[in-house]
Amino acid sequence: MTALEWTLIVPARGAPHGKSRLAVPRREHLARAFALDTIEAALGALPASALLVVTNDDLLGPYAAAAGARVVPDPGAGLHGAIRAAGRLTVPGSALGVLLGDLPALRPEDLRAALRACQVHPRAFVPDRAGTGTVLLTVHGSVLESSFGPGSAARHQAACFERLPLPLPRLRTDVDVREDLEAVLALGCGRHTAAALAGAVPMGPGSEH
């Protein structure tokens with residue numbers, strides 16, 4: 001099967017309001033770092049022009065733009081509002097995915113593997129590690145109608161998205177609470193999250209360790 005050319009939407013709220021349930025020090029820096037690691041992994045998996053990063057964060061936006069991704073201003077209407085704003089810039093019926101922006105253990109090869117699995121199905125989703133949420137939602141040949149939020153896996157399955165519980169823990173571990181962060185650390189987090197946990201200020205566009 002010929003690989004589909006995906007467009008991927010990454011809603012990335014960033015600081016200062018992201019990760020309100022994560023009761024750890026420097027939460028706002030970690031929220032940015034999670035998004036930076038997610039964006040970096042997505043940039044390693046797809047051409048930069050295929051990435052639509054929805055954010056108003058003054059570090060995430062420039063970082064994504066400097067890498068060649070398209071940055072979409074967040075309209076401030078929640079996750080679904082962010083997805084709709086980016087969706088207006090895509091071609092109807094094309095291969096389209098939504099990737100959560102808080103996957104700090106994600107690697108490019110995990111995302112590529114997931115998209116290969118998803119392309120077999122016109123509508124598919126990858127649940128989070130608990131099996132109740134959604135970390136990746138994809139469509140091709142139809143309109144994207146998402147239902148993110150608590151219990152989204154059941155809603156997406158009821159809406160005829162194929163459930164794909166892939167053995168990809170780095171993709172399936174999003175971070176909302178302390179226990180999620182501990183799971184990420186056990187898997188191995190990305191460089192931005194590692195720096196934030198070490199007390200460093202999140203890096204700007206073009207920065208390197």
Do side-chain atoms of [X] reach the backbone of [Y] as a donor and acceptor pair under 3.5 angstrom?
X      : Y      : answer
Asp74  : Asn56  : no
Glu162 : His121 : no
Arg123 : Ala159 : yes
Arg107 : Gly44  : no

Once rounded to the nearest 0.5 Å, what's the spacing between atom [atom1] of [X] and atom [atom2] of [Y]?
X      : Y      : atom1 : atom2 : result
Leu197 : Thr193 : CG    : OG1   : 6.5 Å
Arg112 : Asp110 : CZ    : CG    : 9.0 Å
Leu181 : Asp176 : CG    : CG    : 11.0 Å
Leu137 : Phe161 : CG    : CZ    : 4.5 Å

Looking at [X] and [Y], what are the two nearest heavy atoms and their distance?
X      : Y      : answer
Phe34  : Asp102 : CB-CA, 4.0 Å
Arg172 : Val126 : CG-CG1, 3.7 Å
Ala86  : Val54  : CB-CG2, 3.6 Å
Arg70  : Leu89  : NH1-O, 4.0 Å
Leu168 : Ala113 : CD1-CB, 4.2 Å
Ala153 : Gly133 : CB-O, 3.5 Å

Checklist entry - Hey, quick one: are Leu43 and Val71 part of the same hydrophobic cluster, counting side-chain heavy atoms closer than 4.5 Å, chains of contacts allowed? => result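 No, separate clusters.
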Checklist entry - If Ile, Leu, Val, Met, Phe, Trp and Tyr residues are connected whenever their side-chain heavy atoms lie under 4.5 Å apart, and connections chain through other members, are Leu166 and Leu8 in the same group? => result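 Yes: a chain of side-chain contacts under 4.5 Å links Leu166 to Leu8.
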Quick check: do [X] and [Y] have side-chain heavy atoms less than 4.5 Å from each other?
X      : Y      : result
Thr132 : Pro127 : no
Asp37  : Leu106 : no
Val72  : Ile9   : no
Tyr63  : His192 : yes
Thr38  : Leu100 : no
Phe125 : Arg163 : yes
Leu111 : Leu99  : yes
Leu103 : Leu171 : yes

Item to check | side chain to side chain donor-acceptor pair (under 3.5 Å): pairs with one or both residues in residues 136-150, sequence neighbours excluded | outcome: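 Qualifying pairs: Ser147-Arg155.
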Checklist entry - With respect to Asp128, which candidate in Thr134, Thr173, Asp174 satisfies the side chain to side chain contact (heavy atoms under 4.5 Å, CB included) definition? => result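 That would be Asp174.
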Checklist entry - In a check of side chain to side chain contact (heavy atoms under 4.5 Å, CB included) between Trp6 and each of Leu115, Leu51, Leu96, which one passes? => result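 Exactly one pass, corresponding to Leu115.
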Next on the checklist: Can you tell me if Gln157 has over 12 outside heavy atoms packed within less than 6.0 Å of its CD?
Outcome noted: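 Atom CD in Gln157 is packed in, count exceeds 12.
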